[in-house]
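Input: a single structure, listed below in structure tokens.
Throughout, a chain's letter reflects where its sequence line sits, starting with A, and its residues are numbered from 1.
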Amino acid sequence: MEYNFAEIEQTWKKYWNDQKVYKVNNPIGDAPAKPKCYVLDMFPYPSGAGLHVGHPLGYIASDIYARYKRLKGYNVLHPMGFDAFGLPAEQYAIETGQHPAVTTEKNIARYREQLDNIGFCYDWDREVRTSDPKYYKWTQWIFLQLFHSWYDRKENKARAVSELVKILEQEGNSNHRSPDNNTGSFDAAEWQGYDEKKKREIIMGYRLAYQGYAQVWWCEALGTVLANDEVVNGVSERGGHPVERKNMRQWFLRITEYADRLLTSLDNLDWSEAMKEMQRNWIGKSVGAEVEFDVVVDAPIEENGTVYPGHGTLGMKVFTTRPDTIFGVDFMVLAPEHELVDGITTTGQKQAVADYKQYVKTRSERERMSEVKQVTGAFTGAYALHPFTNREIPVWISEYVLAGYGTGAIMAVPSGDERDHAFAKHFNIPITNIFGDRYKGDKAYSDKTGTIENSDFLSGMTIAEAAVAAIEELEDMGGGEKKVNFRLRDAGFSRQRYWGEPFPINYVDDVPFAVDESPIPAFHQGEGGVDLLPVELPFVESYRPGPEGQGPLANIEDWVNTPAGMRETNTMPGYAGSSWYFLRYMDPHNDNEFADRKITDYWQQVDLYVGGTEHAVGHLLYSRMWTKALYDLGYIGFDEPFKKLLNQGMIQGTSYFAKMVHTINVTDGKENVRRFFVVSNANDKQYKNGHRFEHNQRLYEVVDKEEHDPFRLRNAHLHVDSKGRITKSNLNKIFELYYNEPDDRRIEHVRWDGALENGEEYIQANLEVEKMSKSKYNVVNPDDIVHEYGADTFRMYEMFLGPIDVSKPWDTKGIEGVHRFLKKLWRLYADEQKGWIVTDEPATEAELKGLHKTIKKIGEDIERFSFNTAVSQFMIFVNDLTGLNCHKRAVLEPLAILIAPFAPHIAEELWHKLGNETTVLDAPFPAFDQQHLTDKSIKYAVAVNGKTRVEMEFAADAAQSAIEQEVLGNDTIQKWLDGKPPKKIIYVSGKMVNVVV
RNA sequence: GCGGGUGUGGUGAAAUUGGUAGACACGCUAGACUUAGGAUCUAGUGCUGUGAGGCUUGGGGGUUCGAGUCCCUCCACCCGCACCA
């Protein structure tokens with residue numbers, strides 16, 4: 001009876017499916033519920049490439065944890081679904097004409113098959129797909145809740161817009177100014193006087209999901225707007241296309257209102273420090289002051305129909321984190337796009353400023369970022385007045401000041417800030433020193449220690465004291481105030497795309513209305529009209545963008561024009577559906593609510609969330625915000641979605657590069673001429689990017705024109721030995737196999753790098769570790785591994801590779817060791833000749849000790865997510881049992897349960913062979929008994945002043961007193977101590993005693 | 001530049017509170033059984049030395065009877081952010 005993994009895995013896959021053993025039930029009625037545990041994976045976007053061996057790493061870890069918790073008696077929710085809306089499917093549709101719904105369906109089927117091969121314990125009855133109308137109905141519904149809400153800064157929570165309207169009716173907006181601060185103040189009477197359109201405009205300034213005009217990242221190539229985190233290094237994350245700023249009417253989520261709460265509640269989350277830090281940086285809280293400078297305008301200026309005051313001043317607000325340096329201000333800098341620039345520029349400087357603005361416009365975002373050190377700018381001719389001294393300060397514009405941060409204007413303190421210092425030096429602006437000796441004139445003193453000098457009433461104060469004093473003084477004279485600034489921007493929520501959730505919004509007279517609050521009486525349902533949802537995504541034939549940057553939906557006239565108004569033609573971004581999916585799993589088939597409150601109260605937060613770090617500032621931040629909003633509005637009872645976050649590392653691919661020294665042409669019989677390369681040693685890393693091999697049937701085929709560069713070898717590991725050598729006979733074999741050409745025809749051109757011991761010549765190829773990806777030809781498919789070794793081996797090996805959170809290259813060689821282990825495990829239960837060999841003999845003390853040590857270790861390891869050491873522990877135990885020739889049920893039955901989370905198929909097989917009827921999943925995790933681990937006697941090494949002298953054995957239960965007696969009484973030890981009593985006896989780790997003389 | 005993290009054999013890595021460093025596995029070497037083996041089993045395998053022994057957790061210093069672990073300092077690498085005032 002051999003370990004036939006293929007048969008075993010097939011059998012139990014079917015059994016689990018038929019018996020629905022993974023079905024998870026919500027607690028029914030008031031019956032006492034089992035303790036719950038919610039274990040969640042980040043659901044995948046089903047791409048056309050399928051899964052590679054890196055993807056399941058996190059899934060395996062969470063699966064082990066979920067199975068373990070179930071054995072421990074928990075009701076475990078462990079669902080899976082698909083993040084099915086998104087750009088790639090639409091791009092693919094544009095290229096091939098296949099509808100995204102079709103390709104998505106196909107990809108999901110493939111993913112599902114691959115996942116099923118690995119034996120995960122997902123309850124597929126709870127599967128969600130974000131592109132399913134039954135799902136996105138509730139995405140739209142939550143959007144409506146956000147649309148119908150505003151953030152009350154006094155109570156620090158979201159509230160219904162209807163409550164806001166009542167407040168405005170009663171007291172105007174003096175107590176609740178809108179977050180965008182665009183509307184002036186008005187009282188109750190004024191509010192009553194506004195028409196509906198004006199009222200709605202004002203309310204829009206409060207909504208958590210709102211429409212506004214804003215500079216957004218526009219990508220011409222993709223024909224869409226991108227979120228901040230979809231723009232990387234000045235180009236689109238997808239495709240690397242150039243992006244530019246464009247002013248467009250867009251939907252936004254007012255995530256900035258949650259900035260402080262998103263920041264402070266990070267402290268209570270069990271996430272890695274790196275992950276929290278990434279979110280903190282993204283939120284970017286900085287505390288400082290907003291200071292208003294008066295800018296002298298010396299002549300009336302008319303610009304675009306607006307007349308600016310003649311002899312007078314304009315207020316210009318700056319944000320600074322260093323109000324203590326206010327007496328060191330030597331110039332001001334505005335962002336070139338700042339609205340005041342045109343108004344303050346003097347006639348004489350008009351041309352210079354216009355030229356500079358033109359220059360900035362022509363510079364791509366990429367140039368701007370790569371040339372950070374370059375100092376540029378222009379003087380406006382205007383002067384600001386120092387709030388304390390009335391000193392005249394020149395006002396400049398420069399691209400190093402960003403329009404989007406703070407007020408888009410700064411007070412420059414060259415003696416205290418490096419960038420300001422460089423600017424002052426470059427334009428010869430005199431520098432005021434406010435740091436005494438610590439500023440030496442060559443570089444800014446930006447440390448935050450020491451005192452402020454040369455600064456009127458701040459002189460002699462420490463930096464911290466001066467900051468407080470400066471703000472106090474400014475507040476007294478009304479020239480500024482303490483201010484907290486965030487880097488976080490409101491999240492763009494519109495995409496000019498087809499394959500996403502349509503907005504439940506209709507325009508009437510160009511005013512956006514939620515579908516449930518239509519001004520047309522026949523369609524008015526009152527807020528929360530669930531019946532009107534979902535607004536279904538219509539079928540389209542073409543995915544071409546609509547006119548004027550609109551999405552493809554704008555092309556479908558009879559969809560856009562409805563009796564209830566014109567539909568919004570944008571769709572929601574990819575993160576909409578993924579922001580709340582963890583809630584839907586709890587109650588996936590509910591047609592009346594996104595999830596029943598009783599049920600969400602039971603499952604609560606996700607106890608363990610497993611996924612990659614790439615979602616640090618996207619998905620993870622948005623879903624935290626949605627959760628907080630739903631909590632504020634009373635729909636759920638917790639305000640953080642993911643209690644514990646585990647980031648799995650990447651499994652990288654290994655690629656080979658070799659240097660080409662010659663190419664030859666070969667005809668393949670179909671009249672196609674192909675060029676093949678021969679290789680030499682490749683050391684020049686610099687060429688590796690951009691030169692990749694197209695492959696043909698495992699031949700290294702050249703597509704690049706250039707020679708003598710290192711090239712990527714596709715599937716190289718099939719033909720390259722462990723030292724990176726490609727042998728002559730191997731190359732010959734390939735040529736022979738595929739092209740039926742005489743060997744010498746090809747190899748005569750090769751410059752071989754060396755010869756093996758047997759005289760065979762070889763070429764050296766260099767190995768590089770990089771991300772596993774289709775385009776790098778280094779993908780390993782889990783299906784292949786499962787086919788060759790079985791799912792259990794695959795699962796255990798992925799865990800055995802190393803700590804879960806560390807990136808590591810895939811290496812197929814080591815998998816043999818794990819496979820051997822499973823075979824060894826099998827042989828404890830069954831013999832090739834004798835068949836089933838489990839006996840009913842009682843276990844010996846040694847066997848029980850091993851068992852309980854394993855129970856303890858496995859439990860602890862899983863609890864701290866150290867799966868690699870857990871696998872090792874199994875290996876040790878199985879080796880022990882093999883050595884002890886132990887085939888006893890008393891040991892092997894608990895072992896089958898212990899290993900079930902890791903290798904569920906073989907465990908289930910053994911469990912049933914042991915005579916059990918139900919699934920091993922419902923077995924209780926073996927109880928740990930300390931009794932078996934307690935040693936009867938302990939060997940101690942006795943050391944005097946740390947130097948080991950002798951080993952002594954004592955009875956374990958009386959070790960301490962025995963040692964004292966021995967150490968004090970034993971002749972030998974007395975001799976070491978020169979007859980003196982020891983100063984101190986230190987007991988160390990139960991194995992060593994140290995005597996200090 | 002700022003922030004986070006990591007440095008242990010030929011390789012992946014263990015070492016939970018400071019207590020025999022290198023568990024477990026890969027690889028390698030030798031052997032057994034074999035027609036054969038990419039099956040299985042046994043022994044060896046940090047470095048150095050014939051040996052007893054000596055040395056060893058990126059480098060240097062410190063605390064301690066005792067340091068991979070704690071403190072200081074330097075170095076290297078990885079990840080994230082980056083003109084954020």
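In the set B:A85, B:U16, B:C24, B:C24 carries the atom at the smallest distance from any side-chain atom of A:Ser872. For A:Glu273, the side-chain atoms get nearest to B:G4 when compared with the rest of B:A82, B:G4, B:A85. Among the nucleotides B:A25, B:A23, B:A14, the one closest to any side-chain atom of A:Asn868 is B:A14. For A:Lys824, the side-chain atoms get nearest to B:C41 when compared with the rest of B:C83, B:C41, B:C24. Closest to the A:Ile410 side chain, of the nucleotides B:U40, B:A85, B:C24, is B:A85. Comparing B:A39, B:A85, B:C83 by their nearest atom to the side chain of A:Arg820 picks out B:A39. In this structure, of B:A82, B:G80, B:C24, it is B:G80 that holds the atom nearest to the side chain of A:Asn281. Considering only the side chain of A:Arg827, B:C41 comes nearest among B:A14, B:C41, B:A85. Of the listed nucleotides (B:A85, B:C24, B:G3), B:A85 has the atom at the smallest distance from the side chain of A:Tyr405.
Judged by Watson-Crick or G-U wobble contacts below 3.5 Å, the nucleotide B:G80 has B:C2 as its partner. Across all strands shown, B:G68 remains unpaired; no Watson-Crick or G-U wobble contact has both distances below 3.5 Å. Using Watson-Crick or G-U wobble geometry with both donor-acceptor distances under 3.5 Å, B:G31 finds its partner in B:C41. With both pairing distances under 3.5 Å, B:A14 is matched to nothing as a Watson-Crick or G-U wobble pair.
In this structure, B:G61 is classed as anti because its glycosidic torsion departs from zero by more than 90°.
Look at A:Asn647 and you won't find any side-chain N or O under 4.0 angstrom from OP1 or OP2 of B:C79. Look at A:Arg280 and you won't find any side-chain N or O under 4.0 angstrom from OP1 or OP2 of B:C81. Under 4.0 angstrom from either OP1 or OP2 of B:U40 there lies at least one side-chain N or O belonging to A:Lys823.
The aromatic rings of A:Trp810 and A:Phe794 are tilted relative to each other, their planes meeting at an angle between 30° and 60°.
Side-chain contact between A:Phe293 and A:Pro387 is present, with at least one heavy-atom pair separated by less than 4.5 Å.
Shortest non-hydrogen contact noted between A:Val413 and A:Asp420 is N-OD2, 2.9 Å. Annotation for A:Gly416 and A:Ala444: closest pair C-CB, 3.9 Å, computed over non-hydrogen atoms.
Looking only at distances, a side-chain donor or acceptor of A:Asp861 sits under 3.5 Å from a matching main-chain atom of A:Ala870.
Both A:Ile876 and A:Ala409 lie close to RNA chain B; mapped to their nearest nucleotides by heavy-atom distance, the more 5′-ward contact belongs to A:Ile876. Mapping A:Thr869 and A:Gly817 onto RNA chain B by nearest heavy atom places A:Thr869 at the nucleotide closer to the 5' end.
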